[in-house]
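The structure appears right after this line, and notes come after that.
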Number of protein chains: 2
Amino acid sequence: MAIPTAPAPPAAAAARPEAVAACCAPLTREPLSAGAASDLARTLKALADPARLRLLSLVAAHEGGEACACDLVASLGLSQPTVSHHLKVLVEAGLLTRDKRGVWAYFALVPQALNALAAVLTVPTAAPPGGAG
Amino acid sequence: MAIPTAPAPPAAAAARPEAVAACCAPLTREPLSAGAASDLARTLKALADPARLRLLSLVAAHEGGEACACDLVASLGLSQPTVSHHLKVLVEAGLLTRDKRGVWAYFALVPQALNALAAVLTVPTAAPPGGAG
DNA sequence: AGCGGACATCCACAGCTGTCAATATCGACA
DNA sequence: TGTCGATATTGACAGCTGTGGATGTCCGCT
């Protein structure tokens with residue numbers, strides 16, 4: 001473990017969800033720095049779980065684009081604390097937003113976060129005629 | 001969508017890299033089945049590691065689109081067994097191909113795998129015209 | 001054939017992660 | 001104010017994962 005990057009607290013990730021995809025350069029343009037790779041991996045780790053993927057799709061497919069936590073618990077077949085934990089991970093990764101109304105908590109997708117992630121992963125299949133610099 | 005959660009051995013994943021993104025439906029179209037979520041998570045887990053992300057970018061950014069394992073070991077600052085392990089994970093996930101020439105092993109990107117992944121994650125931000133359904 | 005180098009595999013270990021029971025917190029309501 | 005219900009947090013634990021040292025395997029060279 002020789003990652004000399006700044007030890008930012010995990011809560012900071014939620015404060016800057018735009019850090020997900022940095023700026024623009026796809027994964028394949030130039031070698032990732034250790035810090036950039038760590039940032040990107042943190043977001044991907046939030047995605048790389050069956051329960052969280054299902055949560056995202058449940059929220060996204062729900063009418064109105066948002067879903068109540070109680071619905072998610074019922075749909076997932078996992079315990080309520082476990083679902084709450086997964087939702088927290090997704091919110092802190094900037095992939096979901098949480099809106100608490102009364103006793104209910106509603107979660108909605110953050111499309112730009114997923115799209116930024118998709119943009120980073122996209123590979124230019126056709127080589128540009130101008131040649132790479 | 002009745003993905004039967006077949007307990008296929010991990011080696012089978014390399015034989016069907018197109019299984020990464022199933023068919024076409026983005027994550028946000030309809031709730032993922034447990035099997036589909038598990039499949040997608042498996043591929044994302046292969047990506048969700050700083051060392052493997054750097055490996056992918058190193059390979060992709062290397063001239064000729066492929067890189068020798070020795071270069072990767074030198075660039076990553078990790079031990080040779082560790083790099084070999086990460087490369088194996090990426091190959092088994094269908095994200096890299098391995099081509100052994102003599103004593104050297106060359107690794108190349110599988111653009112379609114990453115692009116399929118990106119397609120799954122992409123969220124349609126604008127509603128399709130006339131597609132009120 | 002013998003040797004050296006490149007890569008893969010095995011083994012062990014520390015740290016992380018998903019899971020749930022128990023509990024705490026907070027808002028709605030009588 | 002007291003109770004009920006929804007959600008979040010805590011604590012514990014099993015299983016997974018990243019890592020490196022030691023070793024095996026295979027190829028090229030002398």
Side-chain angles (χ1 to χ4, degrees), chain A residues 1-3 5 7 9-11 13-14 34 37-38 40-56 58-59 66-93 96-108, chain B residues 9-11 14 34 37-38 40-56 58-59 66-93 96-108:
Chain A
M1 44 174 80
I3 298 180
T5 52
S38 193
L40 185 53
R42 198 174 302 126
T43 305
L44 285 169
K45 276 181 192 297
L47 264 181
D49 181 273
R52 291 197 284 269
L53 286 171
R54 294 187 70 194
L55 280 175
L56 280 183
L58 281 170
V59 168
E66 64 178 11
C68 170
C70 55
D71 295 333
L72 301 174
V73 170
S75 298
L76 230 66
L78 294 176
S79 72
Q80 179 267 323
T82 298
V83 173
S84 184
H85 161 68
H86 285 310
L87 288 171
K88 182 180 183 180
V89 171
L90 289 171
V91 169
E92 287 186 348
L96 283 184
T97 59
R98 181 179 56 194
D99 178 27
K100 194 150 190 179
R101 305 180 205 149
V103 282
W104 290 281
Y106 290 86
F107 295 85
Chain B
S38 192
L40 185 51
R42 196 175 302 127
T43 304
L44 284 170
K45 276 182 192 296
L47 264 182
D49 181 273
R52 292 198 282 270
L53 286 172
R54 294 187 70 195
L55 280 174
L56 280 183
L58 281 169
V59 168
E66 63 177 12
C68 169
C70 54
D71 295 333
L72 300 174
V73 169
S75 298
L76 230 66
L78 295 176
S79 73
Q80 179 267 323
T82 298
V83 173
S84 186
H85 161 68
H86 285 309
L87 287 170
K88 183 179 182 180
V89 170
L90 289 170
V91 168
E92 286 184 348
L96 283 184
T97 59
R98 182 179 58 194
D99 178 27
K100 192 152 192 178
R101 305 181 205 147
V103 283
W104 290 282
Y106 290 86
F107 294 85

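The sequence lines fix the lettering, A, B, ..., with proteins before strands; numbering per chain opens at 1.
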* Please tell me which of the listed nucleotides, dT7(D), dG18(D), dT19(C), lies nearest to the side chain of Ala105(A)? => dT7(D)
* **Rounded interatomic separation in angstrom, taking NZ from Lys100(B) and P from dG5(C)** => 16 Å
* To do: Among the candidates dC7(C), dG18(C), dG18(D), find the nucleotide nearest to the side-chain atoms of His86(B).
  => dG18(D)
* How long is the line joining CG of Leu72(B) and P of dA6(C), in whole Å? -> 14 Å
* To do: Ignoring backbone atoms, establish whether Lys45(B) has a side-chain N or O less than 4.0 Å from OP1 or OP2 of dT17(D).
  => no
* Of Gly102(A) and Leu78(A), whose closest DNA chain C nucleotide lies nearer the 5' terminus? -> Leu78(A)
* To do: Please check the phosphate of dT17(D) (OP1 and OP2 only) for any side-chain N or O of His85(B) closer than 4.0 Å.
  => no
* Asked: Of all heavy-atom pairs between Ala69(B) and Leu87(B), which one has the smallest distance, and what is that distance?
  -> CB-CD1, 4.4 Å
* Phosphate-side-chain proximity, Ser79(B) and dT19(D), N/O vs OP1/OP2 below 4.0 Å -> no
* Asked: To the nearest angstrom, how far is Arg54(A) atom CZ from dG18(C) atom P?
  -> 16 Å
* Arg98(B) side chain to Lys88(B) main-chain N or O, any donor-acceptor pair under 3.5 Å? -> no
* How would you label the contact of Arg98(A) with the nucleic acid (heavy atoms, under 4.0 Å): base, sugar-phosphate, or nothing? -> sugar-phosphate
* What nucleotide, of dA6(C), dA22(D), dA6(D), holds the atom closest to the side chain of Trp104(B)? -> dA6(C)
* **Closest to the Lys88(A) side chain, choosing from dG5(D), dG21(D), dT9(D)** => dT9(D)
* Please state whether the base of dA8(D) and the side chain of Gln80(A) form at least one donor-acceptor pair under 3.5 Å? => yes
* In whole angstroms, how far is the P atom of dG27(C) from the CG atom of Asp99(A)? -> 14 Å
* To do: Nearest whole angstrom, please: distance from the P of dG18(D) to the CG of Leu90(B).
  => 10 Å
* To do: Tell me whether the OP1 or OP2 atom of dG27(C) has a side-chain N or O from Arg101(A) closer than 4.0 Å.
  => no
* Sidechain-backbone polar pair: Lys100(B) side chain, Ala105(B) backbone, donor-acceptor under 3.5 Å -> no
* Hey, are the side chains of Leu76(A) and Arg54(A) touching, using non-hydrogen atoms and a 4.5 Å cut-off? -> yes
* Look at the side chain of Arg52(A) and the backbone N and O of Leu47(A), then say whether any donor-acceptor pair between them is shorter than 3.5 Å. => no
* How close or far is atom C1' of dC16(D) from atom CG of Leu44(B), stated in whole angstroms? -> 17 Å
* Asked: Do any side-chain nitrogens or oxygens of Ser84(B) fall under 4.0 Å of OP1 or OP2 in dA8(C)?
  -> yes
* Asked: Val103(B) has a side chain; which of dT19(D), dG5(C), dA8(C) sits nearest to it?
  -> dG5(C)
* Side-chain donor or acceptor of Thr82(A) paired with backbone N/O of Leu78(A) under 3.5 Å -> no
* For Thr82(A) and for Arg52(B), locate the closest nucleotide of DNA chain D by heavy-atom distance; then report the residue assigned to the nucleotide nearer the 5' terminus. => Thr82(A)
* To the nearest Å, give me how far apart CG (Asp49(B)) and C1' (dG15(C)) are. => 13 Å
